[in-house]
Participant: 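So that we are looking at the same thing, I have put the structure below in structure tokens.
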Amino acid sequence: MRDSLIKVSGLNKIYRTDDLELKVLSDINLHIDAGEFVAIMGPSGSGKSTLMHILGVLDLPTSGTYYLDGQNVGSLSDDELADIRNKKIGFVFQAYNLLPRTSAVENVMLPMDYAGIPDTDQLILAKRVLAMMGLSDRLDHPPNKLSGGQQQRVAIARALVMQPAIILADEPTGNIASVQAEEIMAIFQKLNADGHTIIMITHELNIAEHAKRIIHLFDGRVIEDGNGHQQRRISKKL
Amino acid sequence: MKPVKLVKSGVRNLMANKLRTGLAILGIVIGIGSVIALISMGESSKRAVQSQIQSIGSNLLTVSPGSQQSGSIRGAFGGATTLTNEDAAAILTASSVTTIKNVSSEYNGRAQVIADRNNTNTQIVGVQPVYAEVHKMTLSSGSFITGQQLSSMSRVAVVGPTVVEDLFGENANPIGQSIRISGKTFQIVGVAVSKGGTGFNNQDDRIYIPLTTAQKQLFGVKHLTSIALEANSELVMTTAQNQVGYLLLERHHLTDPAAADFRILSQEDILQTASQITGTFTALLTSIAAISLLVGGIGIMNIMLMSVTERTREIGLRKALGARKKVIISQFLTESIILTFTGGLIGIGLGVVGFYIYSRVNSSAFVVTPASVLLAFFVSVGIGVLFGWYPARKAANLQPIEALRYE
Ligand SMILES: Nc1ncnc2c1ncn2[C@@H]1O[C@H](COP(=O)(O)OP(=O)(O)OP(=O)(O)O)[C@@H](O)[C@H]1O
Ligand SMILES: [Mg+2]
């Protein structure tokens, strides 16, 4: 059998604060193949963002292994991890995390800067992606002059601009009106059709239903992993 | 990232907190400015000493009486009467002294000088004709003391330009005029060319008269206050010093050189002492300036550490988007170098202006060596690297998620 793009086994994440020990993720086993569109659901505090950060090599597990594209992530150096984040993964943060005092277009250009793409190409690509997100008339606005929804769309544009193999989105429609949320889902579905692997966190079932597969987390464990129909059943039970 | 972009974003970040940036730069401005000003002052006084050596001649030896411990009483410098006309004659004729070309016997004293209504108190130098050659002295008008005037004990005088100014006014021609020195009338026969020098050592504020006249008629003495010796060349200075030294010890019936009642100093010895003193002084001031530069550097480090802490989230984000350590380090180093570079430029400017004012006030030479400017420039950039390195490393080693969570 061909190796999965993402292969997580026996993964635990424990936070230690003074005398307190908090097990946020316990014994996660997960295989995600290239080209999948996965939604992660679960109540607040169940560990969704924590898992997403580990999958995006922004954070490392306390124990267990994570193979990304056949590479053991735990054995890589800081700079190698940085390169993976830069080229293979596009991350949309729950809190947008845009650079302050920096225009929308420059925010989108940042990852291309670190990839060494020439300035003129950066500008063309950034404008194109922002246009796709309906922000052509906000190119030079810094984050503090954008609405929450606009900031979120800039963050999505920044995640897409490098055409990464994997797009990780932490509640990408959390602050967006439902009409625009549908537009973003359409973009994700088109990207998925083009071969990008998409993993997104969401609280809303109608958003999750755009995915082909839904993983449900509860208290740091995967309690259900399947297609949309099974998911509906479980949501009702909970 | 390209350097231009690094600098642009660095400037933007620094401009976000103008007051803090300005204060950090000020620390470097003060440090670099004082270093530049003090190095330049030191350099200018060193050059002044060097040009003085050249104008006086480097093959000149001066024998002066006393000053060494004689018995238990220490004679005041130049106050002893141990140096005589015979000593000078012996140096010229002794077969043991082979390295001396010219011997100039001199008697130095102060006296009141009157011309018409003006009067001044100045230095009177009793000289022989050879004085002009030994001291590389030239006249702007008239002639120097002649052998004939010396042997006939004439009352003639050659005056320095400052004396002319004091007694007759600027640009006056005093040749042929009479002056009264300690009540005796002298006729001016020559005016010396200005040699410069200030205050106590003003070589222009002097009156030269025949040695015989000075000793017998004016001061009533038999001794000399100094003997100037011109050696055959610069290369034989030490030999000359030894030959003359042993001759004079023998003539003064002394066996122990440590008990000598005279000193023989080369012009270089004297000026070396002078430049050593100015050198030590400059080094001291420069080290104080260097300390202020160090304090400025610590200020830079402090600002950069604050900036790293404040921008922890930004650093976390940049790392999350794929910035390698090197990129983060160069970003923060660029900012600290911008600070010290700007401070260095302003500091060099202010230091040069400060030194210019100093040189105008002291009428000393205004020489700013490119070396000192270059040094200050590299030092300021170096301080940016040195004190920016630790904060930059600290930023680069942050873990992305922890940094993004930082409040
Ligand atoms: N650095 C940390 N130190 C201690 N505990 C942490 C830390 N980060 C997260 N946690 C805890 O881990 C748990 C899971 O957090 P996580 O952000 O993954 O939840 P989530 O499922 O994304 O919730 P939400 O839907 O509200 O975003 C929470 O209880 C949180 O308090
Ligand atoms: Mg979350």
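Each chain gets a letter, A, B and so on, in the order its sequence line appears, and its residues count up from 1. Heavy-atom basis, side chains included; hydrogens, waters and symmetry copies ignored. None of these values were measured; they are calculated from a predicted model.
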Participant: Looking at Lys87(A), I'd like to know if its NZ atom is crowded, meaning that more than 12 non-hydrogen atoms belonging to other residues, nucleotides or ligands lie closer than 6.0 Å.
Facilitator: yes
Participant: Tabulate, in ascending numerical order, the residues of residues 299-307 of chain B having at least one heavy atom closer than 4.5 Å to a heavy atom of chain A, or enter 'none'.
Facilitator: none
Participant: Any chance you could lay out the side chain to side chain contact (heavy atoms under 4.5 Å, CB included) test for Arg101(A) and Met15(B), step after step, and finish with the verdict?
Facilitator: CA-CA 11 Å; Arg101(A) 297 187 298 277; Met15(B) 290 305 270; over 6 Å; no
Participant: Would one find more than 12 heavy atoms of other residues, nucleotides or ligands at under 6.0 Å from atom OH of Tyr356(B)?
Facilitator: no
Participant: Step through the shown structure and confirm whether more than 12 heavy atoms of other residues, nucleotides or ligands are within 6.0 Å of OH on Tyr15(A).
Facilitator: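 Count over threshold, so yes.
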Participant: Heavy atom to heavy atom, less than 4.5 Å: which residues from residues 49-68 of chain A reach chain B?
Facilitator: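 The list, in residue order, reads His53(A), Leu58(A), Asp59(A).
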Participant: Taking Arg311(B), Arg324(B), Lys319(B), Arg12(B) one by one, which has the highest count of heavy-atom pairs under 4.5 Å against chain A?
Facilitator: Arg324(B)
Participant: So do the side chains of Leu321(B) and Arg85(A) get within less than 4.5 Å of each other, counting heavy atoms only?
Facilitator: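 The answer is no; the side chains never approach within 4.5 Å.
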Participant: Is there a donor-acceptor pair under 3.5 Å between the side chain of Asp79(A) and the backbone N or O of Lys325(B)?
Facilitator: yes
Participant: Using non-hydrogen atoms and a 4.5 Å limit, figure out which bit of Glu314(B) sits close to chain A: side chain, backbone, both or neither.
Facilitator: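 Contact with chain A: backbone and side chain both.
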Participant: For a quick test of reading the model, state the closest non-hydrogen atom pair linking Ala323(B) to Ala82(A) and the distance between them.
Facilitator: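 Result for this residue pair: O-CB, 3.7 Å.
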Participant: What distance separates Arg318(B) CZ from Leu110(A) CG, expressed to the nearest 0.5 Å?
Facilitator: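 If we round to the nearest 0.5 Å, Arg318(B):CZ and Leu110(A):CG are 5.5 Å apart.
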Participant: Would you say that more than 12 heavy atoms from the other residues, nucleotides or ligands in this model lie under 6.0 Å from the CZ of Arg221(A), or not?
Facilitator: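 No.
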Participant: If you compare all heavy atoms of Gly322(B) against all heavy atoms of Tyr114(A), which two are closest, and at what distance to 0.1 Å?
Facilitator: O-CB, 3.8 Å
Participant: How close do Leu98(A) and Leu317(B) get, heavy atom to heavy atom, and via which atoms?
Facilitator: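 Nearest pair, atom of Leu98(A) first, then Leu317(B): C-CD2, 4.0 Å.
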Participant: Looking at chain A, which one of Ala16(B), Gly316(B), Ala396(B), Pro400(B) has the largest number of heavy-atom pairs inside 4.5 Å, strictly under?
Facilitator: Pro400(B)
Participant: Would you say CD of Glu402(B) has more than 12 non-hydrogen atoms from neighbouring residues, nucleotides or ligands within 6.0 angstrom?
Facilitator: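 Atom CD in Glu402(B) is not packed in, count stays at 12 or less.
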Participant: Among Ile84(A), Asp78(A), Ile89(A), Leu81(A), which residue has the highest count of heavy-atom pairs closer than 4.5 Å to chain B?
Facilitator: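 Option with the top pair count is Asp78(A).
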Participant: Can you say whether Glu106(A) sits under 4.5 Å from chain B via the side chain, the backbone, both, or neither, judging by heavy atoms?
Facilitator: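 For Glu106(A), the side chain is the part near chain B, not the backbone.
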